[in-house]
Each structure stands twice: as structure tokens, then as C-alpha cells.
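Data first, discussion second: the structure below is written as C-alpha cells.
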Amino acid sequence: MARVKLTFNMATEVVGNKEGGLLIVTDQDETRQVAIPCDERTLSTFVHRLGNMGTDEQDLADVMVKILEWQTELDLEIVIDNVKNGRYHAIVSNRATLAQLPLRGEDAVLLNFISDDKIPLYMEQHLFEKQSSEFNANARGISLPVNAISDEMLKEALRKAIADENYELASKINEEVKRRGLDLNDASAPDDREE
């Protein structure tokens, strides 16, 4: 299957959401990007690592990747192959033995970053074409496909779209809510409604 090689570009918070952030990866030419939602722990790990660039500080993940390098040829690769219910999924493969392990998409980006790209990161081409948007290094916002939003963010986006009377967007979001089989629990009503 065709794949696109990815490069980590940045980690950023989501405005109005203190429970996580986005990891931005691009194709090699930096023409297209994919925003991979991550939890607060993963975002914090990236922020810490990026803040300590150029220092000798290493944590357990750094040491484990180094030990792995010492013990093997490090013939591994990571492929992000799916997105389901707001979460990207990936497979780490040993190219020599064909053994595979599943992992979360955000952890795939982190493993690639920690290994300094010695464990290359790819995305299935059809998934990349569907999920990616044009990359602009100076952009103030980012496009995020509805299928890559967590259940909580999806419900909040529906509330906001209805409150803003953006019914076209609300309809698209509602389709994803139904596809996931989520219980809205009055998600369609604004929080500041009068009783």
C-alpha cells in the first residue's frame, strides 16, 4: 500500500480545551498537514522535550530507545493506518520479523520524535489524503476533520454550532455523532438556556 512519510512539525494547545492539544505532522515537502489530537500528558511531554532541546536531560523513553538501538538494528517503522471515534491508530512493525504492535497515533508521533526519526513515521496514503489540509507555517488556526475529534470535543462543537446558528456545520457534526452512536444528553441545547 502507498504511504506518506511524516515529519513532526509542532505541538500546540487547543484554545478552550485544557484537556489536550494537537500534534501537527506534515509530509516531507511541507505542503500538507495532519493534526493529531493528543491528551494532556502527551502534549506536556512534547512541551517538556521541546523546551529541553540541546540539553543532556534524558528520561526513560530516551533511554529505552537508546538501549533498543544498542541491542538491535532498529529496523522498525510506524504506520498510522486508521482514525476511529476521534482517535488515530498506528502499528509499529519490525521490518525484519514482520512482528507488529498497535499503539495510539499520538504515541506513534512521540516514538518517532524520541527516536529522532530512526523509527520512521508514515500514514497510509488514502488516510493522509482524506485527513490532511494545506500546510501554512504562518496560519493562526488549523483545520481538524470531524472524525478526528474526541467525543467530548464533538459534543461541545455541536453545542457551539447550534448556539451560533451555524446549522450546516451542526448537521455535519450531528452525522458524526450518530455514526459514533453517542448519547448527546442535551448536547443540542446551549448551556445558558433558560428554564
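Below, each value reflects all heavy atoms present in this structure, side chains not excepted, and no hydrogens, waters or symmetry copies. In this text, all values refer to a predicted model and were calculated from it rather than measured experimentally.
D75 and A96 make their closest contact through OD2-N, 3.7 Å (heavy atoms, listed as atom of the first residue, atom of the second, distance). Between N138 and N136, the shortest heavy-atom distance links the atoms N-OD1, 2.9 Å. Here the closest heavy-atom approach between residue A108 and residue I80 is recorded as CB-CG1, 4.5 Å. Contact record, I173 with A161: CD1-CB, 4.4 Å, taken as the closest heavy-atom pair. The heavy-atom pair separating V109 from I36 by the smallest distance is CG2-CD1, 3.8 Å. The two residues L43 and G21 come nearest to each other via the heavy atoms CD2-CA, 3.9 Å.
One hydrophobic cluster, built from ILVMFWY side chains closer than 4.5 Å, holds both V92 and V4. I91 and L127 end up in different hydrophobic clusters when Ile, Leu, Val, Met, Phe, Trp and Tyr side chains are linked at under 4.5 Å. In the hydrophobic clustering of this structure, I119 groups with L6; members are Ile, Leu, Val, Met, Phe, Trp, Tyr whose side-chain heavy atoms approach within less than 4.5 Å, directly or through other members. Taking hydrophobic clusters as Ile, Leu, Val, Met, Phe, Trp and Tyr residues chained together by side-chain heavy-atom distances below 4.5 Å, L101 does not share a cluster with I78. Cluster membership check: F135 does not share its hydrophobic cluster with L22, using side-chain heavy-atom separations under 4.5 Å among Ile, Leu, Val, Met, Phe, Trp and Tyr.
Between the CD atom of E69 and the NZ atom of K66 there is a distance of 4.5 Å, given to the nearest 0.5 Å. Atom OH in Y88 sits 11.0 Å away from atom CG in L23 (nearest 0.5 Å). Atom CG of L158 sits about 12.5 Å away from atom NZ of K160, to the nearest 0.5 Å. Rounding to the nearest 0.5 Å gives a distance of 11.0 Å between CD1 of I67 and CG of D62. Note that the CG atom of L110 and the CG atom of L121 stand 11.0 Å from one another [nearest 0.5 Å]. Rounding to the nearest 0.5 angstrom, the gap separating the OG atom in S115 from the CE atom in M64 is 14.0 Å.
Residue-environment remark: CD (E134) stays at or below the threshold of 12 foreign heavy atoms within 6.0 Å. For NZ of K5, the number of neighbouring non-hydrogen atoms (other residues, nucleotides, ligands) closer than 6.0 Å is greater than 12. Counting non-hydrogen atoms of neighbouring residues, nucleotides and ligands closer than 6.0 angstrom, the CD atom of Q28 exceeds 12 such neighbours.
Of the possible donor and acceptor atoms, one in the side chain of R95 sits under 3.5 Å from a partner among the backbone N and O of L76. A donor-acceptor pair under 3.5 Å is formed between the side chain of T45 and the backbone N or O of R41. Between the side chain of S132 and the backbone N or O of F128 there is at least one donor-acceptor pair closer than 3.5 Å.
Using a 4.0 Å cut-off between a side-chain N of Lys or Arg and a carboxylate O of Asp or Glu, E106 and R87 qualify as a salt bridge. The pair E176-R180 meets the salt-bridge criterion, since a charged nitrogen lies less than 4.0 angstrom from a carboxylate oxygen.
Ring orientation note: the planes of F8 and F46 are close to parallel, at an angle under 30° on the 30°/60° scale.
Take D81 and apply the salt bridge (Lys or Arg N to Asp or Glu O under 4.0 Å) test, not counting sequence neighbours, and it matches no residue.
Contact annotation: the side chain of V25 never approaches that of T7 to less than 4.5 Å [non-hydrogen atoms, C-beta and beyond]. Taking 4.5 Å as the limit, some side-chain heavy atom of I114 sits within range of a side-chain heavy atom of R49. Counting heavy atoms from C-beta outward, F113 and L50 have side chains that approach closer than 4.5 Å. With a 4.5 Å cut-off on side-chain heavy atoms, N85 and R179 count as touching. At a threshold of 4.5 Å between non-hydrogen side-chain atoms, the residues N147 and K130 count as touching. Residues R3 and E124 form a side-chain contact, since some pair of their non-hydrogen atoms from C-beta on lies under 4.5 Å apart.
Looking at T42 and D39, their side chains do bring a donor and an acceptor atom within 3.5 Å of each other.
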Trace of the side chain to side chain donor-acceptor pair (under 3.5 Å) decision for T26 with Q33: CA-CA 4 Å; T26 66; Q33 67 185 4; over 6 Å; no
